[in-house]
Amino acid sequence: MYLVYQLVFLYISTGVYTIVENGSLCVSGMEENSKDMMVIIVSQFLSTLALGVHLLAGKYVSMSDFNLHSEKKLKTLFYSVAFILGMSMWTNYFSEMIDFPDYMKNVFLFTMKHPLGVLSIVILAPVVEELLFRGAIQGYMIKKYGNPYFSIFVSSLIFGLIHANPAQILFAFILGLSLGWMYYITGSLIPSILMHFVNNGSAVLLSFIYENPDTSITSCFGQTGAVCISIAGIVISLLSVLFIKKDLVTKTIQK
């Protein structure tokens with residue numbers, strides 16, 4: 001369903017663009033220039049928006065998924081943010097160490113230069129992707145098969161593979177595991193949407209702060225500093241998980 005929306009809107013946007021530019025549907029002359037990239041940005045925005053509307057209108061996600069079942073809502077959200085920030089500290093470092101090829105780097109950099117692209121990355125994608133992968137897919141699997149951790153694994157694997165970029169697949173999978181666990185343990189999409197928002201938003205913010213796209217934790221803080229930041233991130237992540245699980249959660253997704 002996700003790919004269908006992406007492809008349909010990409011073809012529609014490409015078709016309109018080529019007719020306006022060339023007077024025909026021939027796309028052989030399209031080049032990787034700013035106009036071509038804007039076609040991609042617009043198509044991604046529209047496809048993601050349409051998918052979100054479809055998920056809500058089709059009731060693939062229950063409105064109860066937007067209720068945070070905790071007597072300490074603000075603390076739950078606070079530790080959710082601490083959890084994802086801690087994760088970013090060590091996953092970014094490991095990403096640098098593994099150094100998978102990043103085929104979407106130029107697209108990402110271009111997207112962040114346009115308000116519509118930033119809106120898609122920071123706001124729309126976190127909401128719609130959580131509706132789809134956590135609310136619709138993971139929620140359905142938990143209710144159907146009764147195995148929450150298998151459901152978290154499968155939905156996270158799909159989430160990782162759908163990114164289709166070597167530099168993102170593994171770490172999107174790890175991110176999916178954390179978001180899936182938060183959705184299961186709280187019974188609400190609110191913490192996972194917030195975590196997803198912080199994850200994407202921090203990436204965009206850092207891209208504005210550091211103009212060089214090749215800037216890394218190691219280049220900024222040195223090898224020792226990068227290792228210390230990574231260890232601190234692991235500690236923050238674990239403490240956040242323990243606190244959320246023991247003191248804040250009152251409801252999980254029901255079978």
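Nothing fancy with the numbering, it's 1 onward along the sequence.
To the nearest 0.5 angstrom, Y210 atom OH is 4.0 Å from C220 atom SG. We find the CE-CG distance between M141 and N147 to be 8.5 Å, quoted to the nearest 0.5 Å. Distance check, rounded to the nearest 0.5 Å: OG1 of T218 to CE of M97 gives 4.0 Å. Note that the CD1 atom of I193 and the CZ atom of F66 stand 5.5 Å from one another [nearest 0.5 Å]. Distance check, rounded to the nearest 0.5 Å: CZ of F83 to OG of S178 gives 4.5 Å. L179 contributes atom CG, which lies 7.5 Å from atom CE of M87 (distance to the nearest 0.5 angstrom).
S230 places no side-chain N or O within 3.5 Å of a backbone atom of A226 that could act as its donor or acceptor partner. Side-chain N or O atoms of T48 include one that pairs as donor or acceptor with a backbone N or O of Q44 at under 3.5 Å. Using modelled atom types, one side-chain atom of Q138 and one backbone atom of G180 make a donor-acceptor pair closer than 3.5 Å. For the pair E96 (side chain) and I217 (backbone), a donor-acceptor distance under 3.5 Å is present. Under a 3.5 Å cut-off, the side chain of T111 and the backbone N or O of G117 do not form any donor-acceptor pair.
Using cut-offs of 30° and 60° on the angle between ring planes, the pair H114 and F110 is tilted.
The minimum heavy-atom distance between S192 and E130, with the atom names listed, is OG-OE1, 3.1 Å.
Side-chain contact check for S188 and T186: no donor-acceptor pair (N or O, by modelled atom type) lies under 3.5 Å.
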Go through S64 and S62 one step at a time and tell me if the side-chain hydrogen bond (donor to acceptor under 3.5 Å, both in side chains) criterion holds. CA-CA 5 Å; S64 64; S62 171; 2.8 Å; yes
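With ring centers used as reference points, F173 lies under 6.0 Å from F153.
Within 6.0 Å of OH on Y145 lie no more than 12 heavy atoms contributed by other residues, nucleotides or ligands.
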